[in-house]
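Take a look at the structure set out below.
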Amino acid sequence: MKSFVWPMTLLSLCPALVLADSVSYQQTIAGQQLKLQLEGVSHKEWQARLPEFQHWLSAAKATDPELIQLCEEWRAQSQQSYSCRLGAIAQQWQQAVENQVLPDRVELRRQTRAIEQLDLSEADYKAVVWQLEGVANARLLDYAAALLKSWFPRLKRLDLQSGVSRLLWFDTGSVVLSLGVEQALLQQLELSSVALAQTETADTRMGYKVSYRTFSPLLKPSEGWPVEYGPTATVLAKDAVTAYLLAQSLAVLDLKQGQQLTEQQGAAALLKTDSADWYATESWYNYLADKSQSSQQLQISYQLPKFSDANYKRPYVSVWLTDQQKKPVRQLSLVGQQSRWYQELSHWWRRLGRKNPEQIDQIAGATQKPGTYQLKWDGRDQQGAVMPWGQYQLHLEVAREHGGHEHLTLPLHWQADLKPVELQGEAELGLVRLQLQSKDG
């Protein structure tokens, strides 16, 4: 296996892939630099095909109806978290850059919602100004990979990059990549054939610069305003189009919705919130080169009791970990989305919530009905670093409108032979159970 670094901007090819019997090439396509590296192809073979490849690039373009269909299908799958319908709204932002005057937010929202509510058939596609550049760029990588593999039967590996998308293919084996030197979960990933993409907000050179501010290039389908305070994502998926669309959606969805969508797509994602906290989908750990650090996880089970009260309201619940010095280690779950009730979780609010107000909306999920719920801790802190074996505390806090409040603290002796721990709540919590579990099942 070979190791090389993939910068977080996705824009630089590492020279460690430039080997004997290999070629590199780059060309500007629709304002984006397409970069490729091939291993198992001689310079003579490449030069013979280069004019044909350049001609193909100049002509290669998925038809607009095909791209629109892809976008519309994704829009339905992803709870309308990403939309290609906002070309006219993007034009208004481009005009705002030229005039240095922000668009009227209320009017922008009205126009955006009118566009998003259209019931479009293929015959109506011309009624919308489509924003297809990112999807077209990703589809180009998928098409180019298929073409190059058909041309060069001795091809061993290929690496294609353009914009925030990248595609890797290997005939056999895998490579170890480091996607970021400062983040443990981005270091030493073992990858075989896979597509990678980042949220467009990860590239600080992109965006709308108006009145001394830089706004995200990614627009919210709910209001036409650039995404603010949303997470950025690194995605691993089966093809470049899926990776690109998923990476953009993850900036809009809350973390739980995003993780569910990622798993539904058979993909993996690592998200960084605006407050610099990191969240990985469970499948991300399958790509770590050193899997020994993530072989064990803590399974947490808790019950929310059923009440017969006619005014029953579903509770707000927070679950978090601290170390022996009561320093926060990891926020595992936050249930409840109306901010006025967060302070009712008084212990959590004093120690965590009020210090990270931007994080709350990113991690909060919908309230839960009475029942038993499962959580998992992967043994890492909020930044993705592996926590050592030792003494910790697990906190569960519940608050309910017109109801009670309860805060349980369970001592957690985090070790390789951890025995199950149980604690019965008194009112708002039922049985809480902790046990060690292998990630292999």
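Everything numeric here is computed off the predicted structure, so don't read it as measured data.
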Is it true that a side-chain atom of Arg110 and a backbone atom of Arg105 form a donor plus acceptor pair closer than 3.5 Å?
no

So how far is it from Trp349 CH2 to Ser318 OG, rounded to the nearest 0.5 Å?
11.5 Å

From Asp239 CG over to Asp142 CG, what is the distance, rounded to the nearest 0.5 angstrom?
5.0 Å

With a cut-off of under 6.0 Å to the ring centre and 45° to the axis, is Arg330 in cation-pi contact with Trp320?
no

With Ser222, which residues qualify under side chain to side chain contact (heavy atoms under 4.5 Å, CB included), at least two apart?
Lys220

Between Glu344 and Arg400, does any side-chain N to carboxylate O distance fall below 4.0 Å?
no

Is the closest basic N to carboxylate O distance between Glu401 and Arg314 below 4.0 Å?
no

List in chain and number order the residues that pass side chain to side chain contact (heavy atoms under 4.5 Å, CB included) with Ala251, two or more places apart in sequence or in another chain; answer none if no residue qualifies.
Thr199, Leu218, Val227

Would you call the rings of Trp93 and Phe215 parallel, tilted or perpendicular, taking 30° and 60° as the class edges?
tilted

What residues form a salt bridge (Lys or Arg N to Asp or Glu O under 4.0 Å) with Asp171, not counting sequence neighbours?
Lys156

Nearest 0.5 Å, please: how far is CG in Leu345 from OH in Tyr316?
9.0 Å

Quick check: does any side chain N or O of Gln331 sit under 3.5 Å from a backbone N or O of Ser333, one acting as donor and the other as acceptor?
yes

CZ-CD distance between Arg109 and Glu107, expressed to the nearest 0.5 angstrom
11.0 Å

With no hydrogens and no angle check, is any side-chain donor or acceptor of Arg85 less than 3.5 Å from a backbone partner on Leu118?
yes

